[in-house]
Enquirer: 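Could you have a look at this structure, given as C-alpha cells, before my questions?
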Amino acid sequence: MKKGNIKKNRILLHRFFPYFKKYKSILMLDLFCASLTTACDLTLPLIVRRITNDGFNDLSLLTFKYIFSVTVFYILLRCIDAAANFYMTTGGHLMGTKIETDMRNDLFSHIQELSFSYFDNTKVGQLMSRLTSDLFDITEFAHHFPEEMIITSIKIVVSFAIFASMNIWLAVIIFSVLPLMFIVTKKSRRKMKATFRESRQQVGEINAQTEDSLLGIRIVKSFTNEDIEKEKFDKGAKKYLNIKRNNYFQMGIFHTIVRGFDGAMYILVVATGAVFMKKGLTTVGDFSASLLMVSNLLSSIRRLVEFSEQFNRGITGIERFTQVMDIVSEIKDSENAVEVQNVRGEIEFRDVSFIYPGTEKKVLNNVNIKIKPGENVALAGPSGGGKTTICNLIPRFYDVTGGEILLDGINIKDITLHSLRSNIGVVQQDVYMFSGTVFQNIAYGRPDATRQEVEQAAVLAGAHDFIMLLSEGYDTYCGERGVKLSGGQKQRISIARVFLKNPPILILDEATSALDNESERIVQQSLECLAKGRTTIVIAHRLTTIKNAKEILVLTEDGIAERGSHAELIKKGGIYCGFYSLYGSR
C-alpha cells in the first residue's frame, strides 16, 4: 500500500474511532472475548505436542487419568470459546449497529444544516446511498476491525514464540513468507479498494436515477416514455455490473495469490520439518504441533484476508461519510447572533447584490427596498429578474454577496437562523406534501399544536370543508407528495400550515399560478385572509392578484425598473402597463 493511502486510511480511522467512546465497555469485553477464543485455538497444538512427545518417549505415560484430564481441560476450553464467540457475535454486532446508527444520525443532522446551494448541486440518490448502504458496511467493520486486529496480533506473536521454542529456524522460515505475501498482494488490494469506491458511487447514481424516474412517473407515462426510462436504468445497471465484474476479478486474483502462499507454507513446514526431524533437530511432537500451528496461523491469515475486503468496504464507507461531514454550510449563525422577539416585520434591502454559487452573472445588483411593517409589496416582471431570489434571501436560504438585509433594523446575519425563519411563512407554487395524513401535514407548521388549533388553521385557510369530505377527514392519508389531493387542495393545506405557524412576515411565491380559475379564486381568498396584519411579499404572474398591493416593484435583469401602486404604474404607461395589457386578465 502506498504511503499516501496508508496516511489517508490512518486519518479516516482517526475520524472513526471516537464513535467507540460511548461503547468502550462493550468494546473491551468484546476484545477480551476475542483474546479468549484466540487462546483456546492456540492451546490445541500445545496439547497435541505434549501428548505426542510423551507417547513417543514412553507410552506408559498415557494413562487413563492423564487422557481424561486433558480431555476435560480441552472441553472446558471449548465451552469458554463458545461463550466468548457468542458474545462477539451478539454484543459485537450490536455495538456495530449502534455505531452505524450514531453515524447515520450525525450525517442526517449535518445534511439538514447544509445550505440550498449544496442541494442545488447534489443528487438526493447519492445522499440516500451514503445514509444507507455505505453505513451498513460500517456495522460489520466497526466490530470486526478491532476483533481481527487483536486476534491476528495475538496469533502471530504467540505462534512465533511457540515456533521459536520448538525450532528457531523453522520459525524464521515460516514467518519470512508472511511479509512476502503482503508485498505480492499489495497491488491487488489497492485495486480492490478502488473498485469498492466505484461501486458505491454507481449505487448512488442508480438510486438517484431511480428516484428521478419514480417521482416523475406521471410525466413518464403521459409521454409514454417507459422504454426510455428502462433504457436509462439498464445503462446504469450494466455499468454497475461491469464495476462489480472488475471487483470480483481483483478479488479472484487476491484470493488466488493467498491460497498459493497457503500451499507454500504447508509445503515448507512438511519438507523443512521432515528434514529437521531426520537430523534430530526437532521431535515428532514438535513436528505435529508445527502442522497444527501452521493450520491455525493460516486460518487466521485467511480471516484477515477476508476482512481485508470488509476493511476496504468499511474504509470506503467512512471516506464517503467524512466527505459529506466535511462540507461546511456557508449559511450559519454568526458568533454573536441574537434571538429576535416581537418582530414587527420591517424589511430593508441596502445595496444588495447577489450571484448564485458557481455562476458569474449578477442576479441582483445594488438593490434597495424598504418595506414597512404590515405592508403588502408585490414583485412583478419577466423571468430572470430576481423576484424569487429576493424571496430566498430574506430567510437566508442564500446569503447576499454584497450589501445587507435588515429585519427591524438588525442585519439578518446577526439573527439566529431558527429565530429568523420562525418569523417567516412561505407559500410556494410547488407545494410539498409529506407522506402522512392531512393533520400531520398541517401540524408541520407547528408540531406541538393541538387538534383544535390545526382545525382552526384549516378553517381560516378555507380547507376545513373539503377535508371533512375526505374518506377519513383529517386522518386521511395524502399519498406520496400528496398525489391523492388536487392542486387547490394541497395549496390550501399549505396555507393552513402557515396559518398555524402564524408568522409576522409572509412570502407568497407565485402561490396560485398553477391553479385553475375556480381553485385560484378560493386560494386567493385564503391568501388575502392570511396576509391581513402581516408584512407580505407577493410574486405573481397573474397581475390581477396584486392590484391591491401597497407597492409593486417591477424587476428586470437591470434591477428595479419601476415602482409604485397599480394605478400609478398603469398611468405611467411603462413596463408594468405593457405586461398588464398582455397578461392582466389571465
Side-chain angles (χ1 to χ4, degrees), residues 215 218 345 374 376 378 388 391 394-395 421-549 586:
L215 288 177
R218 285 162 179 76
N376 186 331
T388 298
C391 293
I394 295 171
R421 293 172 183 173
S422 294
N423 285 283
I424 299 172
V426 182
V427 181
Q428 297 174 319
Q429 173 187 348
D430 183 18
V431 177
Y432 191 89
M433 299 290 288
F434 293 94
S435 181
T437 64
V438 171
F439 176 85
Q440 289 168 337
N441 270 280
I442 296 175
Y444 202 81
R446 205 177 82 234
D448 62 344
T450 65
R451 192 172 188 90
Q452 183 179 358
E453 289 171 325
V454 168
E455 291 183 8
Q456 180 61 31
V459 169
L460 293 172
H464 178 75
D465 291 342
F466 88 75
I467 291 173
M468 295 307 296
L469 293 175
L470 297 175
S471 59
E472 297 180 58
Y474 283 86
D475 296 317
T476 301
Y477 177 65
C478 299
E480 188 89 20
R481 296 175 66 90
V483 294
K484 294 186 176 182
L485 302 173
S486 70
Q489 289 173 332
K490 288 192 288 186
Q491 195 63 277
R492 276 178 278 172
I493 286 174
S494 75
I495 293 169
R497 192 186 286 167
V498 178
F499 260 117
L500 189 63
K501 185 178 182 181
N502 193 28
I505 300 168
L506 182 63
I507 296 174
L508 307 177
D509 189 356
E510 301 180 11
T512 63
S513 63
L515 304 178
D516 58 72
N517 290 333
E518 178 59 22
S519 296
E520 181 192 7
R521 184 185 63 80
I522 297 171
V523 170
Q524 189 60 38
Q525 290 173 351
S526 301
L527 290 174
E528 288 172 2
C529 179
L530 178 62
K532 286 180 182 177
R534 308 176 200 272
T535 301
T536 307
I537 301 171
V538 184
I539 298 175
H541 283 313
R542 298 182 181 180
L543 302 185
T544 52
T545 62
I546 59 173
K547 287 173 63 176
N548 297 325
R586 299 186 184 181

Enquirer: Is a side-chain donor or acceptor of Arg492 paired with a backbone partner of Ala463 at a separation under 3.5 angstrom?
Expert: no
Enquirer: Report yes if some heavy atom in the side chain of Thr476 is under 4.5 Å from a heavy atom in the side chain of Leu485; otherwise report no.
Expert: no
Enquirer: Is there side-chain contact between Ser494 and Val427, with heavy atoms separated by less than 4.5 Å?
Expert: yes
Enquirer: Measuring from atom CD1 of Ile394 to atom CD1 of Ile507, what distance do you get when rounded to the nearest 0.5 angstrom?
Expert: 4.5 Å
Enquirer: Look at the side chain of Thr535 and the backbone N and O of Gly374, then say whether any donor-acceptor pair between them is shorter than 3.5 Å.
Expert: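 Checked: pair present.
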Enquirer: Do the side chains of Arg534 and Asn502 get nearer than 4.5 Å, heavy atoms only?
Expert: yes
Enquirer: Drop me the distance from Leu508's CG to Thr536's OG1, to the nearest 0.5 angstrom.
Expert: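 Reported to 0.5 Å precision, the distance equals 6.5 Å.
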Enquirer: Side chain of Lys501, backbone of Ile424: donor and acceptor closer than 3.5 Å?
Expert: yes
Enquirer: Testing the basics here: between Ala378 and Ala549, what is the closest heavy-atom pair and its distance to 0.1 Å?
Expert: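 Scanning both residues, the minimum pair turns out to be CB-CB, 3.8 Å.
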Enquirer: Is Arg421 reaching over with its side chain to a backbone N or O of Pro395, donor-acceptor style, under 3.5 angstrom?
Expert: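 At least one qualifying donor-acceptor pair exists.
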Enquirer: Where is the tightest heavy-atom contact between Gly425 and Pro503, given as atom of each residue plus distance?
Expert: N-CG, 3.4 Å
Enquirer: Report the distance from atom CD1 of Ile495 to atom NZ of Lys490, rounding to the nearest 0.5 Å.
Expert: 13.5 Å
Enquirer: For Pro447, is there any backbone N or O sitting under 3.5 Å from a side-chain donor or acceptor partner on Gln440?
Expert: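 Side chain of Gln440 to backbone of Pro447: no pair is present.
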Enquirer: Do you know the tightest heavy-atom contact between Gly436 and Tyr477?
Expert: O-CD1, 3.5 Å
Enquirer: With sequence neighbours left out, what residues match Asp465 under side chain to side chain donor-acceptor pair (under 3.5 Å)?
Expert: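 In terms of side chain to side chain donor-acceptor pair (under 3.5 Å), with neighbours along the sequence ignored, Asp465 is linked to no residue.
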Enquirer: Looking only at heavy atoms, what is the nearest atom pair of Val426 and Val498, with distance?
Expert: O-CG2, 3.7 Å
Enquirer: Tell me, do Tyr474 and Glu455 make a side-chain contact under 4.5 Å, heavy atoms counted?
Expert: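 Side-chain contact under 4.5 Å: yes.
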Enquirer: Of the non-hydrogen atoms in Ala443 and Val454, which two are nearest, and what is the gap between them?
Expert: CB-CG2, 4.1 Å
Enquirer: Side chains of Tyr444 and Ile493: closer than 4.5 Å at any heavy-atom pair?
Expert: no
Enquirer: CZ/Arg497 to CD/Gln491 distance, rounded to the nearest 0.5 angstrom?
Expert: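 Going from CZ on Arg497 over to CD on Gln491, the span is 10.0 Å.
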Enquirer: To the closest 0.5 Å, what do you measure between CG (Asp475) and OG1 (Thr437)?
Expert: 6.0 Å
